[in-house]
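Chain identifiers are assigned alphabetically (A, B, ...) following the order of the sequence lines, protein sequences preceding nucleic acid strands; residue numbering begins at 1 within each chain.
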Amino acid sequence: MHIEGKLTGMLHLYIGEEAIAVGACSALRRNDYITSTHRGHGHLIAKGGNIKLMMAELMGKTTGYCKGKGGSMHITDIELGHLGANGIVGGGLAIATGAGLACLLKKTDQVVVCFFGDGAINGGQFHESLNLAGLWKLPVIYVCENNLYALSTSVKEACAVIDIAKKAQSYNMPGVMVDGMDVLAVRKAADIAVSQARNGEGPTLIVCQAYRFLGHSRSDSCPYRTKEEEKMWKTRCPISTFRGKLFEQGIMTKSEMEELEGKIERKIEESVKFGDRSPFPAPEELEVDVYA
Amino acid sequence: MPEVTFREAIREALYEEMQRDSSVFLLGEDIGTYGGAYGVTRGLLEDFGRRRVWDTPISETAIAGVATGAALIGTRPIVEIMYIDFMTLCMDQIVNQAAKMRYMSGGKVKVPLVVRTQGGVGRSAAAQHSQSLESWFVHVPGLKVVMPSTPCDAKGLLKNSIRDDGPVVFIEHKLLYNTKGEILAGEHTIPLGLADVKKRGKDVTIIAYSRMVLLALQAAEELSKQDISAEVIDLRTLKPLDIETVLSSVKKTGRVVICEEDCKTGGVGAEIWTQISEYAFDYIDAPPIRLAGKDIPIPFTPSLEEASVPDKNQIIKAVKEII
């Protein structure tokens, strides 16, 4: 929060949904692809993104992922297999499907994970893209991050059929519902889907039930959610619960955890300093890279 | 030099580029087995097989988006959108995604996508199948817009559009498919962003593109019999616009008639005339005449359809008005 003065424009935080990005991306190789959303910081980090470049981009600096010209919603890192965050709801659905088609044509066994929210389910691109993927058996894993609300519109108010995983039947692909607050559950489902895609068995729809702890964006104080509901979901914080499991099963000690979290804090601080000392793009950059 | 139809020239370009570069592939409705609604892709499925020629369901948004995604990771898709009127269904992927991804990524990605489509009047196809929407795409930064008028130009320009590393909207005209013209033998490409003086003259500059070029040349022919020497410029690429060729001509003649099929208001002609007045104001001897499509949905009945766009006689009359 203390850095909010340095961040401009739109910001859609991923807090609460971490298990989805981490569970899904941890099942992928570096050269597999993902498409992301307007709420994509978690996807970028989970895919192995560079925090410094990310922070610089959020600050609009020339050292950022997109030279300061894309911002939070358009971060792209092709080398990492990240085909772009997207400011259009559902915009990544057809793009991911196309990347899947290209993997098929190139005869590689790469796969594509397409992240999108419950807000994208009712758009035409969802229907058209999943139909093509099911028809052509494309190696795409469609991961729906169902955080129950598209800005202020709940799934119940938007969807004629609220069982999102069931919609997979329309597209001849498996549809599974998963606890999106449990990173191991997401990972398990992703492993199955990724393996199927790699083996030429086609796409899967994975619906992860989760919750964004904060508002849609900075200006949203969530008047459409009850405090009780928010409180309940916060007790299921994916990071806290996973941390608890690590201790229970003796995989990490508390001091090892503190050390790790200290490292992460320092990394984040360094990224802010990196962003701080980086320059904004020069005016000459304005009309560069419109055309290839 | 061999003579082929506009349709065949486009098919040849597709064939040659698909032979040359295995990453080039086609997507579209009815393009495979059926050979395309206007027969352009006939035979290509047999030549290249189903992995290079994809028949799609009616899903324009997904088709455009799938092509965008495929282009992002190193293939060169060519999408056929059956009618430019259906581009409305592709707009998010073409305008918000393909056109902008390079800039938004800070120059990191490229989207070497070609969208081939056709428009224009002449088949009594009525309002939803006869439009000329090129100005919409000219208006979007990041897109290139190409509109050839002859088989030779169509072939050379399409080859280069396919080789271009960014998204190109390649707009054909339904009444041009059967027209014939000589093409150059052997490998031949034409740069994008280069207009062509189709007929040299000194009294007036007629600026046109696509089917209007043919009408302009017919008008110029008749005018020459009346000792009026008209120079006809075929823009060929609308974006990037070769304003230099236009200005050279205007500096010589001082008089301009613009012939376009798209609706007059907010059409391509408005942009051309504005640039002429910005860069060659001192050379202009008369106000411009913009002959353009009427600001109406295209009517069905042939007589009204014909009257909705400029014809040869209107061009002749316009030239005489400003000489």
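- If you tally non-hydrogen atom pairs under 4.5 Å between each of B:Ala98, B:Ala99, B:Gly107 and chain A, the highest count goes to B:Gly107.
- Of the atoms belonging to B:Ser23, not a single heavy atom falls under 4.5 Å from chain A.
- Ranked by non-hydrogen atom pairs under 4.5 Å with chain B, the options A:His127, A:Glu285, A:Glu128, A:Gln110 are led by A:Glu128.
- At most 12 heavy atoms of other shown residues, nucleotides or ligands fall within 6.0 angstrom of atom CD1 in B:Ile58.
- Closest non-hydrogen pair, A:Ser129 versus B:Ala62, comes out as N-CB, 4.2 Å.
- When the shell of 6.0 Å around CD of B:Glu278 is examined, it contains more than 12 heavy atoms from other residues, nucleotides or ligands.
- Chain B forms the most heavy-atom pairs under 4.5 Å with one residue out of A:Pro281, A:Gly91, A:Gly100, A:Gly70, and that residue is A:Gly91.
- Atom CD of B:Glu187 sits in a crowded spot, with more than 12 heavy atoms from other residues, nucleotides or ligands closer than 6.0 Å.
- Interatomic distance, NZ of B:Lys100 versus NZ of A:Lys69, reported as 14.0 Å (0.5 Å rounding).
- Of all residues spanning residues 34-47 of chain A, none has a heavy atom less than 4.5 Å away from chain B's heavy atoms.
- To the nearest 0.5 Å, atoms NZ (A:Lys67) and OH (B:Tyr103) are separated by 10.5 Å.
- Within a 6.0 Å radius of CD in B:Gln275, other residues, nucleotides and ligands contribute more than 12 heavy atoms.
- Contacts of B:Leu27 with chain A are made by side-chain atoms alone, with heavy-atom separations under 4.5 Å and no backbone atom involved.
- The parts of A:Leu104 that come within reach of chain B are both its backbone and its side chain, each placing non-hydrogen atoms under 4.5 angstrom from that chain.
- Within the model, atoms OG1 of B:Thr61 and CZ of A:Phe126 stand 14.5 Å from one another, a figure rounded to the nearest 0.5 Å.
- The side-chain heavy atoms of B:Gln97 and A:Ile95, taken from C-beta on, include a pair separated by under 4.5 Å.
- The candidate with the highest count of non-hydrogen atom pairs below 4.5 Å against chain B, out of A:Glu79, A:His74, A:Met73, is A:His74.
- Partners of B:Tyr279 according to the ring pair (Phe, Tyr, Trp, His ring centres under 6.0 Å) rule, which considers only residues two or more places apart in sequence or in another chain, do not exist here.
- The side-chain heavy atoms of A:Leu101 and B:Thr75, taken from C-beta on, include no pair separated by under 4.5 Å.
- Chosen from B:Asn96, B:Val109, B:Asp92, the residue pairing most often with chain A at heavy-atom distances under 4.5 Å is B:Asp92.
- Residue A:Leu132 comes nearest to B:Pro57 through the heavy atom pair CD2-CD, 3.4 Å, listed as atom of the first residue, atom of the second, then distance.
- Proximity of A:Ile78 to B:Lys108: side-chain heavy atoms (C-beta onward) are nowhere separated by under 4.5 Å.
- Inter-residue side-chain proximity for A:Gln125 and B:Gln93 is flagged as met; some heavy-atom pair is nearer than 4.5 Å.
- Of the two parts of A:Leu286, the backbone and the side chain both hold a non-hydrogen atom closer than 4.5 Å to a non-hydrogen atom of chain B.
- Annotation: side chain of B:Lys239 is in contact with side chain of A:Tyr291 (closest heavy-atom distance under 4.5 Å).
- Of the candidates A:Leu105, A:Leu83, A:Thr108, A:Val112, A:Leu83 is the only one forming a side-chain contact (heavy atoms from CB on, under 4.5 Å) with B:Ile73.
- The heavy-atom pair separating A:Ala292 from B:Gly166 by the smallest distance is CB-N, 4.1 Å.
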